[in-house]
> 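Can you keep this structure in mind? I'll have questions shortly.
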Amino acid sequence: MRPIRVFQIQTKHKMDMGCDCVLDLLSDYRDPIPTETLVAECHKEKIAAPATTYKRLGILKGKGFVADYMHPTDHDRRKSYIVLTKLGLGYLQSWEGGE
């Protein structure tokens with residue numbers, strides 16, 4: 001994809017490369033995952049520090065691209081789960097020309 005197209009997609013959705021990277025990494029998981037796992041993975045991949053990842057997740061939740069998930073069998077309220085929404089998946093597909 002050409003840089004101008006990346007710029008156009010990000011401008012249209014008011015996104016930045018950091019949020020895009022967090023969203024892309026989350027899309028590697030088919031099922032909801034512990035938020036802590038995603039944060040650790042972002043840190044490992046040098047996408048963002050943990051605090052920054054949580055900030056970006058807040059932005060993505062506000063846009064409806066990710067959502068908190070209540071796990072049906074893990075009832076430990078100290079653990080939160082995160083899932084990519086259909087809207088988030090659609091946004092990622094726009095990077096591949098699906099928009």
Side-chain angles (χ1 to χ4, degrees):
M1 177 179 298
R2 295 185 58 190
I4 191 143
R5 183 68 181 124
V6 170
F7 175 76
Q8 290 168 340
I9 292 170
Q10 288 178 328
T11 300
K12 177 181 177 183
H13 296 280
K14 296 183 175 128
M15 291 283 281
D16 64 34
M17 190 58 71
C19 287
D20 289 337
C21 290
V22 171
L23 195 63
D24 186 40
L25 193 58
L26 179 59
S27 75
D28 290 342
Y29 298 91
R30 295 287 175 219
D31 297 317
I33 65 164
T35 304
E36 183 178 313
T37 300
L38 179 64
V39 170
E41 198 65 27
C42 286
H43 187 66
K44 183 180 109 183
E45 294 294 326
K46 299 186 186 327
I47 292 170
T52 304
T53 300
Y54 280 108
K55 179 181 176 182
R56 289 180 174 152
L57 283 172
I59 292 167
L60 292 168
K61 285 177 191 175
K63 293 181 179 300
F65 289 172
V66 302
D68 289 319
Y69 179 81
M70 295 301 290
H71 199 279
T73 58
D74 187 351
H75 301 294
D76 184 351
R77 297 284 181 217
R78 296 170 294 171
K79 191 183 225 180
S80 64
Y81 287 79
I82 193 93
V83 66
L84 181 67
T85 65
K86 288 181 182 180
L87 190 62
L89 183 59
Y91 173 76
L92 286 175
Q93 289 172 341
S94 71
W95 280 78
E96 300 167 3
E99 185 174 43

> Excluding sequence neighbours, so at least two apart, what forms side chain to side chain donor-acceptor pair (under 3.5 Å) with Asp16?
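Here no residue qualifies.
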
> Holding to side-chain contact (heavy atoms from CB on, under 4.5 Å), I want the full list of residues that pass it with Leu84, two or more places apart in sequence or in another chain.
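Partners of Leu84 by the side-chain contact (heavy atoms from CB on, under 4.5 Å) criterion, ordered by chain and then number, come out as Leu23, Leu26, Ser27, Leu89, Leu92.
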
> Are Met17 and Leu25 connected, step by step, through hydrophobic side chains (Ile, Leu, Val, Met, Phe, Trp, Tyr) whose heavy atoms are closer than 4.5 Å?
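Yes, because Met17 and Leu25 connect within a single hydrophobic cluster, where side-chain heavy atoms sit under 4.5 Å apart.
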
> How many angstroms lie between atom CD of Glu45 and atom OG1 of Thr53, to the nearest 0.5 angstrom?
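If we round to the nearest 0.5 Å, Glu45:CD and Thr53:OG1 are 11.5 Å apart.
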
> Check whether any side-chain heavy atom of Ile47 lies under 4.5 Å from a side-chain heavy atom of Asp24, and answer yes or no.
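Ile47 does not reach Asp24 side chain to side chain.
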
> Using the rule side-chain contact (heavy atoms from CB on, under 4.5 Å), only one of Leu60, Ile82, Val66 pairs with Val22; which is it?
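When Leu60, Ile82, Val66 are each tested with Val22, the side-chain contact (heavy atoms from CB on, under 4.5 Å) holds only for Leu60.
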
> Please say yes or no: joined through hydrophobic side-chain contacts below 4.5 Å, possibly via intermediate residues, are Val6 and Ile59 part of one cluster?
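No, Val6 does not connect to Ile59 through the hydrophobic network.
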
> Would you say that more than 12 heavy atoms from the other residues, nucleotides or ligands in this model lie under 6.0 Å from the CD of Glu36, or not?
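No.
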
> Should Gln10 and Trp95 be marked as a side chain to side chain contact (heavy atoms under 4.5 Å, CB included) after you check the CA-CA gap, both sets of side-chain angles, and the distance that decides it?
CA-CA 10 Å; Gln10 288 178 328; Trp95 280 78; 4.1 Å; yes

> When clusters are formed from ILVMFWY side-chain contacts under 4.5 Å, directly or step by step, what else is grouped with Met70?
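Answer for Met70: none, a lone residue.
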
> Return the set of residues passing side-chain contact (heavy atoms from CB on, under 4.5 Å) with Val83 (not counting sequence neighbours), or none when no residue passes.
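Listed in chain order: Pro32, Ala67, Tyr69.
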
> Is there a path of hydrophobic side-chain contacts, each under 4.5 Å between heavy atoms, that joins Met15 and Ile9?
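Both belong to a single hydrophobic cluster.
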
> Determine whether a donor-acceptor pair (N or O, by modelled atom type, separation under 3.5 Å) exists between the side chain of Thr85 and the backbone of Gly64.
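It does hold such a pair.
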
> What residues, two or more places apart in sequence or in another chain, satisfy side chain to side chain donor-acceptor pair (under 3.5 Å) together with Lys55?
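Here no residue qualifies.
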
> Holding to side-chain contact (heavy atoms from CB on, under 4.5 Å), I want the full list of residues that pass it with Ser80, two or more places apart in sequence or in another chain.
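With sequence neighbours excluded, Ser80 shows a side-chain contact (heavy atoms from CB on, under 4.5 Å) to Thr35, given in chain and number order.
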
> The criterion is side-chain contact (heavy atoms from CB on, under 4.5 Å); which residues satisfy it with Ala49, sequence neighbours excluded?
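Partners of Ala49 by the side-chain contact (heavy atoms from CB on, under 4.5 Å) criterion, ordered by chain and then number, come out as Thr52.
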
> Sequence neighbours excluded, which residues qualify as salt bridge (Lys or Arg N to Asp or Glu O under 4.0 Å) partners of Lys44?
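Lys44: salt bridge (Lys or Arg N to Asp or Glu O under 4.0 Å) contacts with Glu41.
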
> With ring-ring contact (aromatic ring centres under 6.0 Å, His included) as the rule and sequence neighbours excluded, what pairs involving residues 19-58 come up?
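For residues 19-58: none.
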
> Going by salt bridge (charged side-chain N to carboxylate O under 4.0 Å, His left out), name the pairs with one or both residues in residues 58-71, residues two or more places apart or in two chains.
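Output for this query lists Lys61-Asp68.
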
> Among all residues two or more places apart in sequence or in another chain, which pass the side chain to side chain donor-acceptor pair (under 3.5 Å) test with Gln8?
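Expected list: none.
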
> About how many Å separate NE2 of His13 and OG of Ser94, when rounded to the nearest 0.5 Å?
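Nearest 0.5 Å value for the OG-NE2 distance: 5.0 Å.
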
